[in-house]
Structures are given as structure tokens and as C-alpha cells.
Amino acid sequence: MTATPIGMGALTDTGTFATAPLPTQAAMPTVTAAPYTTGSFAIGALTDTGTFATAPLPTQAAMPTVTAAPYTTGSFAIGALTDTGSFAAPVGAGGVPESAYGGKAMKALAFARAQIGRPCVWGAMGPDSYDCSSLTQAAWKAAGVALPRGAAEQAHAGTPVAVTDIQVGDLVVFFDNASHVGLCTGNGMMIHAPGPGSSIREESIYGAGESAIHRVIRPA
């Protein structure tokens, strides 16, 4: 079939449709990506030299050097205590160091303990038998301390101490007339000559009751 040209105003049919050209668009710019590099580049104050630079630590003030004095056993003073390489013994009643008194007391105790089992005889002064005061007198004589002969006199031959502060070697005087005496052995015990017909033995200082204890004397 042959198309017959017809006129339609400014439009001429040529038997085909002509497409309108597309508007021209600006070309997209070409961007070439730079290859990864470890070379130098600057970002602010940071310079890359291929490695990461660690920031320097802030400078700190050095700790003061303290030299400790070596331990010494030489002399030094702490209040009223002076160390001369050994510890001073505490002072006991009457101002006598306990170590000095204790040494004598142990000698007195050793003598008295050696007499256990010997007979008690009124007026006897040893060495085979004793009465109460001759036993304590002989015991302290062995320690180098002189005591008077009778129990009543021994009740004033030293420093009085409380029963709660009694120590080995102290004299335990009984009854208001101070007619009996024993030698403390510690832990509430004593060695004494109980009376005629008995033997020297060790027993409690409370055997006659606490009220029977007249006083406690620490020989000088």
C-alpha cells in the first residue's frame, strides 16, 4: 500500500516517524584513583612516613632518691629507752630489774625445792631439817641475800607487793602475827615447812584461805 502524502499544517507525513533528538548532557568528569601508597602525606600536624609515629610521653619528674639506713644494733634513743644492742629488762617493784631479781629468785627456789621431803623441826636451821623461816632464810642465802631469822622480821625484809603481783621467790607471810612464811614457786604455789611433825612440801598459798595471807614481800 502506498502512503499518499497529506498535509497537516506544518506537519508532513513522509510515511515514517522522526524521533526528536535527546538533549545533550554534559559528560561525567573522569576521576583517576591514586594507588595506595605508604609514602609521605600530611594531615594537619600528622606526617606519615610509612609508619605510625608514637606521640612522646609527657616528661615526669623523677622520684626522689631515698637511701634507707641499714639495720643496726648500735645505740639509738626512743624516749627513755636506749638500745645498746639488746633490750632493757622491764623494771619490777622496788626499782629492781625483773631479770636481776628473777635470777636470784630462781637460785632461792632451786635450794628450797631440793629440801622437799626433809622434816620440819621447830628451831632447826638445816641442813637436815628446817622450820618455816629458817628454810626461807637459807634459800635466799643461797641466792646471796641475807634475811633475818624469824618470820615476823622477814615480813619487813623487802618490798611489799600485792598478791596479784606475786612472783617466784617472793615471801608469803601468813596470819596477823606473821607467824608463818613460805617461798612462792609461781602459779599460786609455795614451798614451806608446815610445822613440827610434817615434812617440807609444795602446796597452794591459799591452803588456809586467802584471808590468811598477811602480806607478800619481795626480798631486796
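All figures in this text were calculated on a predicted structure; none of them were measured in a lab. In what follows, residues are counted from 1 in the order of the sequence shown.
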Q.
Set out, in order, the CA-CA distance, both residues' side-chain angles and the distance that settles side chain to side chain contact (heavy atoms under 4.5 Å, CB included) for Leu147 and Leu171, then state yes or no.
A. CA-CA 11 Å; Leu147 292 180; Leu171 303 177; 4.0 Å; yes
Q | Cluster overlap Met190 with Val163, hydrophobic side-chain contacts below 4.5 Å | A | yes
Q | Least distance between heavy atoms, Ser133 atom then Ala151 atom | A | CB-N, 3.5 Å
**Q.** Chi angles and distances behind the side chain to side chain contact (heavy atoms under 4.5 Å, CB included) call for Arg201, Ile191
**A.** CA-CA 6 Å; Arg201 60 178 179 259; Ile191 294 174; over 6 Å; no
**Q.** side chain to side chain donor-acceptor pair (under 3.5 Å) contacts touching residues 182-193 (sequence neighbours left out)
**A.** His180-His192, Thr185-Glu202, His192-Glu203
Q: Grab the two heavy atoms, one from Gly195 and one from Cys120, that are nearest each other, plus how far apart they are.
A: O-CB, 3.1 Å
Q.
With a 3.5 Å distance limit and no angle check, can you tell me whether Ser134 reaches the backbone of Ala124 through a side-chain donor-acceptor pair?
A. yes
Q | Test side chain to side chain contact (heavy atoms under 4.5 Å, CB included) applied to Gln154 and Ile217, step by step | A | CA-CA 8 Å; Gln154 291 181 14; Ile217 293 293; over 6 Å; no
Q.
If you compare all heavy atoms of Asp165 against all heavy atoms of Asp170, which two are closest, and at what distance to 0.1 Å?
A. O-OD2, 4.3 Å
Q: Measure across Ala105 and Gly169 and return the closest heavy-atom pair with its distance rounded to 0.1 Å.
A: CB-CA, 3.9 Å
**Q.** Pairwise distance OH(Tyr130) to CD(Gln115) - rounded to 0.5 angstrom
**A.** 4.5 Å
Q) According to a 4.5 Å side-chain heavy-atom criterion applied to Ile, Leu, Val, Met, Phe, Trp and Tyr, with indirect links allowed, do Met106 and Tyr101 form part of one hydrophobic cluster? A) no
Q | Within-4.5 Å side-chain heavy-atom neighbours: Val216 and Val173 | A | no
Q) Any chain of hydrophobic side-chain contacts (each under 4.5 Å) joining Phe111 to Val181? A) no
Q) Is Leu109 reachable from Ile116 through a run of I, L, V, M, F, W or Y residues, each pair having side-chain heavy atoms under 4.5 Å apart? A) yes
Q.
Distance check, rounded to the nearest 0.5 Å: Lys104 atom NZ versus Trp140 atom CH2?
A. 7.5 Å
Q) Atom CH2 of Trp122 and atom OG of Ser129: how far apart are they, to the nearest 0.5 Å? A) 13.5 Å
Q: State which residues pass side-chain contact (heavy atoms from CB on, under 4.5 Å) with Ser204; sequence neighbours excluded, sorted by chain then number.
A: Met189, Tyr206
(Q) Assess whether a salt bridge exists between Arg149 and Asp131, defined as any Lys/Arg side-chain N lying under 4.0 Å from an Asp/Glu carboxylate O. (A) yes
Q | Nearest-0.5 Å distance, OG of residue Ser199 to CZ of residue Arg118 | A | 11.5 Å
Q. Please walk me through it: do Leu183 and Leu135 pass side chain to side chain contact (heavy atoms under 4.5 Å, CB included)?
A. CA-CA 9 Å; Leu183 185 79; Leu135 174 64; over 6 Å; no
(Q) Please report the interatomic distance CG(Asp176) to CZ(Arg215), rounded to the nearest 0.5 Å. (A) 12.0 Å
**Q.** Shortest non-hydrogen separation from Thr136 to Gly182 and the atoms involved
**A.** CG2-C, 3.9 Å
